[in-house]
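Below: one structure, written as structure tokens.
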Amino acid sequence: MENCYKCEDNEWPNQEKTLCIEKQIEFLSYADDPLTLISIISSVILFIIAAVILGIFISFRDTPVVRANNHTLSFLLLVSIKLSFLSVFLFLGRPVDITCMLRQTSFGITFSIAVSCVLAKTLMVSIAFKATKPGSPWRKWVGVKLANGLVFNLSLIQFLISVIWLVIAPPYVEHNTHSEPRKIIIQCNEGSVVAFYIVLSYMGLLASVSFIVAFLARSLPDSFNEAKYITFSMLLFCSVWITMIPACLSTKGKYMVAVEIFAIISSSCGLLFCIFLPKCYIILFKQEMNSKQYLLGKCNT
């Protein structure tokens, strides 16, 4: 052609280079997107399951199985797992500034609370059995104050990291017109990649410490001990997030968001099912095991 002109950023040329065609807009839409539908169904079903388990634990809160390892932390852990399932909805739909700011910080804080509860439960089990020895110096550490204080302080650190992130370099919506020539990817720019990886690294640190402590405590008596289940759940948790990072780096657009949603749902499932399903089985189907005499008998053996 004698007169050539460049297409706008929201357009791309056709194969004959004679016409500019508007680019397709891509994000995880609520309309006609199977990835969104699968994410919604999964998160809703798992939220309901977590709510049912929480209801069971509240109904049987005075039984030995529920009270054996700080039932308050169990309630808090279940609530944080429920919130993590709900945080999936912040990743769905057309991104806006407020959802971009909330999506990473919300799941970071809720997961930090959940993993802090797991760590506190494991530490309290170890301390409780060490304190049974006569004259043990660990007796002064036995009690709910240490566990609650640990969860509060560890969660507060993640909260402060998130607040600093939002103040200094908050995430925002961007229109990516360069990753794919025929598409405009509406996505969230993290604002500060360093802050994003600090949030992930802190969660990874908590999960790693929880895994190590639970692994060391796995040989304690089974009656009071959740360490075996916590070890497996933390192993699953760490594996999911370790594989999620390269998966996110190798994908683009809505598929990168879908990978992160999968990581949130699968790691939350690991915490929910590995830790609470064995107890629910005892509460509902093995009521003879849910007695103080049984627990003390197992502990003495």
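Computed from heavy atoms alone, side chains included, the values below leave out hydrogens, waters and symmetry copies. Throughout, residue positions are numbered sequentially from 1 according to the sequence presented. Note that this is a predicted model, so its numbers are computed, not measured.
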Q: Applying ring-ring contact (aromatic ring centres under 6.0 Å, His included), name anything that partners F57, two or more places apart in sequence or on another chain.
A: F276
Q | Flag side-chain contact, heavy atom, 4.5 Å: I98 against M101 | A | yes
**Q.** Under 3.5 Å: donor-acceptor pair, side chain of T243, backbone of V240
**A.** yes
**Q.** Heavy-atom closest pair, residues C100 and P171
**A.** O-CB, 3.4 Å
(Q) Using a 3.5 Å distance criterion without hydrogens, assess whether the side chain of W165 forms a donor-acceptor pair with backbone atoms of E190. (A) yes
Scan the side chains in residues 33-52 for donor-acceptor partners under 3.5 Å anywhere in the protein, sequence neighbours excluded, and list what turns up.
| from | atom 1 | to | atom 2 | distance (Å) |
| --- | --- | --- | --- | --- |
| D33 | OD1 | L35 | N | 3.1 |
| D33 | OD2 | K254 | NZ | 3.2 |
| T36 | OG1 | S29 | O | 2.7 |
| S39 | OG | L35 | O | 2.8 |
| S42 | OG | I38 | O | 2.8 |
| S43 | OG | S39 | O | 2.9 |
| S43 | OG | I40 | O | 3.0 |

**Q.** Pairwise side-chain contact, T72 with L76, heavy-atom cut-off 4.5 Å (strictly under)
**A.** no
Q: Mind telling me whether F107 and F111 have parallel, tilted or perpendicular rings, with 30° and 60° as the class edges?
A: perpendicular
Q: Is it possible for you to say whether L123 and Y202 belong to one hydrophobic cluster, with membership spreading through side-chain heavy-atom contacts below 4.5 Å?
A: yes
Q. CD1/I185 to CD1/I25 distance, rounded to the nearest 0.5 angstrom?
A. 12.0 Å
Q: Show your working on side-chain hydrogen bond (donor to acceptor under 3.5 Å, both in side chains) between S84 and S268 and close with a plain yes or no.
A: CA-CA 7 Å; S84 67; S268 299; 2.9 Å; yes
Q: Indicate the atoms forming the closest heavy-atom contact of S162 with I109, along with that distance.
A: OG-CG1, 3.9 Å
(Q) Quick check: closest heavy atoms across L54 and K82, and the distance to 0.1 Å? (A) CD2-NZ, 3.9 Å
Q) Rounded to the nearest 0.5 Å, how far apart are OG of S74 and NZ of K279? A) 5.0 Å
Q: Check whether I164 and I198 end up in the same hydrophobic cluster, where Ile, Leu, Val, Met, Phe, Trp and Tyr are linked by side-chain heavy atoms less than 4.5 Å apart.
A: no
Q) Just wondering, more than 12 heavy atoms not from F196 lying within 6.0 Å of its CZ? A) yes
Q: Determine the minimum heavy-atom distance between S112 and L206, stating which atoms define it.
A: O-CD1, 4.0 Å
Q) Side chain of T99, backbone of P95: donor and acceptor closer than 3.5 Å? A) no
Q) Nearest 0.5 Å, what's the CG-OG1 distance between L86 and T110? A) 9.5 Å
Q | Over 12 non-hydrogen atoms of neighbours within 6.0 angstrom of CD in E174 | A | yes
(Q) As a quick check of understanding, evaluate side-chain contact (heavy atoms from CB on, under 4.5 Å) for I168 and S192, giving each step before the final call. (A) CA-CA 8 Å; I168 295 177; S192 172; over 6 Å; no
Q: Return the minimal non-hydrogen interatomic distance between F237 and S267, and the atom names on each side.
A: CD1-CB, 3.6 Å
Q: Is it possible for you to say whether L154 and L200 belong to one hydrophobic cluster, with membership spreading through side-chain heavy-atom contacts below 4.5 Å?
A: yes
Q | Within 6.0 angstrom of F89 CZ, more than 12 heavy atoms from elsewhere | A | yes
Q: Kindly compute the distance separating CD1 (I261) from CZ (F85), expressed to the nearest 0.5 Å.
A: 13.0 Å
Q. Heavy atoms, side chains only, cut-off 4.5 Å: are R94 and L28 in contact?
A. no
(Q) Would N189 and Y172 count as a side-chain hydrogen bond (donor to acceptor under 3.5 Å, both in side chains) here? Give the steps. (A) CA-CA 5 Å; N189 187 304; Y172 58 90; 3.2 Å; yes
Q) Shared ILVMFWY cluster between I242 and V118, side chains joined below 4.5 angstrom? A) no
Q: Could you give me the CA-CA distance, side-chain angles and deciding distance for T105 and V199, then say whether side-chain contact (heavy atoms from CB on, under 4.5 Å) is met?
A: CA-CA 8 Å; T105 55; V199 169; over 6 Å; no
Q.
Looking at every heavy atom in both I186 and F27, which two are closest together, and how far apart are they?
A. O-CB, 3.8 Å
**Q.** Within 6.0 Å of OH in Y255, more than 12 heavy atoms from elsewhere
**A.** no
Q.
What's the separation between atom NE2 in H71 and atom CG in D62, rounded to the nearest 0.5 Å?
A. 7.5 Å
Q) Are M256 and V193 connected, step by step, through hydrophobic side chains (Ile, Leu, Val, Met, Phe, Trp, Tyr) whose heavy atoms are closer than 4.5 Å? A) no
Q.
If you apply the rule side-chain contact (heavy atoms from CB on, under 4.5 Å), what do you find for L78 with L272, and how did you get there?
A. CA-CA 7 Å; L78 282 168; L272 180 64; 3.7 Å; yes
Q: Supply the atom-to-atom distance Q187 CD to N176 CG, rounded to the nearest 0.5 angstrom.
A: 4.5 Å
